[in-house]
Chemist: 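Structure provided below as structure tokens; questions to follow.
Just so we're on the same page: letters track the sequence lines, and every chain starts at 1.
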Amino acid sequence: MPELPEVETVRRAIRSELEGRRVASARICHPRTARRHARHTDVEDRLVGRRVNRVGRLGKFLLIGVDGDLTWVMHLGMSGRISLCEPGDPMEIHTRFWAEMEPGPSLRMIDPRTFGFVAVFTPEELDGSTLARLGADAWEDLPSAGWLFEAMRSRTTPIKSLLLDQRFLAGLGNIYSDEVLHRAGIHPTRRSGGLSLEEVGRIRSEVRPVLAEGISRGGVSLDDLAYLLPDGRAGGFLEYLAVYGREGLACRSCQSPIRRMVINARSSFFCPECQAGP
DNA sequence: AGGAATTCCTGTAAGC
DNA sequence: TGCTTACAGGAATTCC
């Protein structure tokens, strides 16, 4: 599942292939992928002929500024990936969107489960979308411990759930939030409002290092290889994860077996020794 | 308004 | 072997 480090890896890889170039043609291959628009042809019509100015990112969203003050938005959802290839390359199964650039390689989105989407927004549409309600970016704009503590203190939801809430903080998903909580020594079901300023500070101080390591290793490619880098290589961070996907295996710090529990209908992995219960 | 449940979707794996 | 079922989960939506 692509999270901030995976999306940032994609952003860095496609940036030089898009910026300054023009969209020669574009196609939505699955209507659900353009579900933010009334007509899926809106995406195609708005993109064609536009020049790319800047390839940016907010949380897990790729935000690509193009001519005409439009923002080309791509989200990879659960199973999406971006592929750079030549226009004549055989079309992979589950290709949901493609854009031919002039000059340069084409961009394709492959997304079996169609949780991802592509949109092209005017400034007004962007402002009215849920993107406008995203929290601060966890990598570029991480709030202070004091700010996080204040924002948490009235909340009863488990800290794991809050870290997944993109309106609170944008970029962490199920893998990286588990890794942050393990490094910080905080149990995932702890009530957000019950954490001390010192504990919030520990969480805060682990966010950027975990994301940095994920980015430097090209992100996490799971065994299903749903996420790959735009050149087709797999990310290498999986084997360095401390808790995610390691149920029953020894904690790298204390050798206790890693446990799995379900919080808000998703798996959470934690060390019962390093992360004391509520 | 916050928090929890539900929905979307398909490849994979487990179970009978 | 072949079918059915469970599972994975990001974000939007709905309900309480």
Side-chain angles (χ1 to χ4, degrees), chain A residues 1-8 10 28-38 40 57-63 73-82 92-97 109-119 121 125-126 128-135 137-138 148 150-180 188-195 211 214 219-228 234 238 241 243-248 260-269 278:
Chain A
M1 57 235 58
E3 305 179 22
L4 189 154
E6 288 75 32
V7 178
E8 177 65 13
V10 170
I28 292 284
C29 312
H30 192 302
R32 187 171 139 81
T33 296
R35 61 191 177 279
R36 293 278 203 294
H37 291 273
H40 66 81
R57 179 192 55 74
L58 178 55
K60 306 173 195 174
F61 295 79
L62 281 168
L63 301 179
V73 183
M74 291 192 286
H75 193 287
L76 299 176
M78 272 281 300
S79 58
R81 61 189 166 88
I82 298 292
E92 271 189 78
I93 188 170
H94 305 313
T95 299
R96 309 306 193 189
F97 165 81
M109 179 189 286
I110 297 114
D111 181 17
R113 272 167 267 191
T114 68
F115 279 52
F117 72 89
V118 180
F121 287 142
E125 289 167 341
L126 191 62
S129 77
T130 54
L131 278 157
R133 285 175 280 286
L134 284 175
D137 186 79
L148 292 167
E150 284 302 318
M152 285 182 186
R153 66 185 309 168
S154 64
R155 311 290 293 268
T156 60
T157 199
I159 182 61
K160 171 65 185 291
S161 301
L162 194 59
L163 291 180
L164 289 177
D165 186 343
Q166 303 299 298
R167 294 164 301 182
F168 180 76
L169 186 65
L172 296 182
N174 210 33
I175 295 175
Y176 290 92
S177 56
D178 276 2
E179 296 298 311
V180 166
T189 63
R190 292 281 304 279
R191 302 291 122 178
S192 303
L195 296 169
L211 296 176
V220 174
S221 290
L222 297 173
D223 295 337
D224 62 7
L225 297 180
Y227 162 77
L228 296 171
L238 176 65
L241 296 180
V243 285
Y244 182 86
R246 301 191 73 244
E247 182 181 20
R260 183 182 84 96
M261 67 182 300
V262 175
I263 302 173
N264 285 11
R266 40 199 43 115
S267 293
S268 283
F269 299 87

Chemist: Using only atom types and a distance under 3.5 Å, with no angle test, would you say the side chain of A:Gln166 pairs donor to acceptor with the backbone of A:Gly171?
Modeler: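 The answer is yes, because a donor-acceptor pair under 3.5 Å joins these two groups.
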
Chemist: Do you know which two heavy atoms are closest between A:Glu3 and A:Leu172, and how far apart they sit?
Modeler: OE1-C, 4.0 Å

Chemist: In chain order, what residues pass the ring pair (Phe, Tyr, Trp, His ring centres under 6.0 Å) check against A:Phe115, with sequence neighbours excluded?
Modeler: none

Chemist: Which part of the nucleic acid, if any, lies within contact of A:Arg35, taking any heavy atom under 4.0 Å across all strands shown: a base, the sugar-phosphate backbone alone, or nothing?
Modeler: nothing

Chemist: What is the distance, to the nearest angstrom, from the OH atom on A:Tyr176 to the C1' atom on C:dG9?
Modeler: 16 Å

Chemist: Report the distance from atom NZ of A:Lys160 to atom C1' of C:dG10, rounded to the nearest whole Å.
Modeler: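 In whole Å, C:dG10 C1' and A:Lys160 NZ are 12 Å from each other.
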
Chemist: Check A:Lys160 against A:Ser177 and note the closest heavy-atom contact, atom names and distance.
Modeler: CE-OG, 3.1 Å

Chemist: Between A:Arg246 (side chain) and A:Val243 (backbone), is there a donor-acceptor pair under 3.5 Å?
Modeler: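 Not confirmed, A:Arg246 side chain does not pair with A:Val243 backbone.
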
Chemist: For a quick test of reading the model: is some side-chain N or O of A:Tyr227 closer than 4.0 Å to OP1 or OP2 of C:dA8?
Modeler: no

Chemist: Between A:Ile159 and A:Pro188, which heavy-atom pair has the shortest distance, and what is it?
Modeler: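 Shortest heavy-atom separation between A:Ile159 and A:Pro188 comes out as CG2-O, 3.5 Å.
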
Chemist: Starting at CG of A:Asp111 and ending at C1' of C:dG10, how long is that distance when rounded to a whole Å?
Modeler: 11 Å

Chemist: Treating primed atoms plus P, OP1 and OP2 as sugar-phosphate and everything else as base, which nucleotides of nucleotides 11-16 of chain C get B, S or - for protein heavy atoms under 4.0 Å?
Modeler: SS----

Chemist: Would you kindly give the CZ-to-C1' distance between A:Phe168 and B:dG2, to the nearest whole Å?
Modeler: 14 Å

Chemist: In this structure, how many angstroms lie between the P atom of C:dG10 and the CG atom of A:Leu4, rounded?
Modeler: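 After rounding, the reported distance stands at 13 Å.
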
Chemist: List the residues meeting ring pair (Phe, Tyr, Trp, His ring centres under 6.0 Å) with A:His40, not counting sequence neighbours, and say none if there are none.
Modeler: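 For A:His40, no residue satisfies ring pair (Phe, Tyr, Trp, His ring centres under 6.0 Å) once neighbours in sequence are set aside.
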
Chemist: Just to be sure I understand the rule, does A:Ser79 reach a base, reach only the sugar-phosphate, or reach nothing, if contact means heavy atoms closer than 4.0 Å?
Modeler: nothing

Chemist: Taking ring pair (Phe, Tyr, Trp, His ring centres under 6.0 Å) as the definition, give me every residue that meets it alongside A:Tyr227, ordered by chain and number, with sequence neighbours left out.
Modeler: none

Chemist: So do the side chains of A:Asp111 and A:Leu76 get within less than 4.5 Å of each other, counting heavy atoms only?
Modeler: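 Counting from C-beta outward, A:Asp111 and A:Leu76 never come under 4.5 Å.
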
Chemist: Provide, to the nearest angstrom, the distance between the CG atom belonging to A:Leu163 and the P atom belonging to C:dG9.
Modeler: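 These atoms are roughly 16 Å apart.
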
Chemist: Please determine whether the number of non-hydrogen atoms from other residues, nucleotides or ligands lying under 6.0 Å from atom CZ of A:Arg167 exceeds 12.
Modeler: no

Chemist: Checking all strands, does A:Met1 fall into the base, sugar-phosphate, or nothing category for heavy-atom contacts under 4.0 angstrom?
Modeler: sugar-phosphate

Chemist: Decide ring pair (Phe, Tyr, Trp, His ring centres under 6.0 Å) for A:Phe117 and A:His30; before the verdict, give the C-alpha distance in whole Å, the side-chain angles of both, and the deciding distance to 0.1 Å.
Modeler: CA-CA 10 Å; A:Phe117 72 89; A:His30 192 302; over 10 Å; no

Chemist: Over all strands shown, is A:Phe269 touching base, sugar-phosphate only, or nothing at heavy-atom distances under 4.0 angstrom?
Modeler: nothing

Chemist: Planes under 30° and centres closer than 5.5 Å, is that true for A:Phe115 with the base of C:dG9?
Modeler: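 Per 5.5 Å and 30° rule: yes, stacked.
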
Chemist: Taking C-beta and beyond as the side chain, do A:Thr130 and A:Arg133 meet within less than 4.5 Å on heavy atoms?
Modeler: yes

Chemist: How many whole angstroms separate atom CG of A:Asp178 from atom C1' of C:dG9?
Modeler: 13 Å

Chemist: Which whole-number value in Å describes the distance from A:Arg133 CZ to B:dA1 P?
Modeler: 13 Å

Chemist: Please give the angle, rounded to 10 degrees, between the axes at the start and the end of the helix from B:dG2-C:dC16 to B:dC16-C:dG2, where five pairs define each axis.
Modeler: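 So the angle between the two local helix axes works out to 50°.
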
Chemist: When you compare the protein's N or O atoms with those of nucleotides 10-15 of chain B, which come within less than 3.5 Å of each other, and at what distance?
Modeler:
from: B:dG11; atom 1: OP1; to: A:His94; atom 2: NE2; distance (Å): 2.8

Chemist: Return no unless some side-chain N or O of A:Ser154 is found under 4.0 Å from OP1 or OP2 of B:dG2.
Modeler: no

Chemist: So, OP1 or OP2 of B:dG3: does either fall under 4.0 Å of a side-chain N or O from A:Thr156?
Modeler: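 For B:dG3, OP1 or OP2 has a side-chain N or O of A:Thr156 closer than 4.0 Å.
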
Chemist: May I ask you to say what A:Arg153 touches in the nucleic acid, namely base, sugar-phosphate or nothing, with a heavy-atom cut-off under 4.0 Å?
Modeler: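 Since no nucleic acid heavy atom lies under 4.0 Å of A:Arg153, the category is nothing.
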
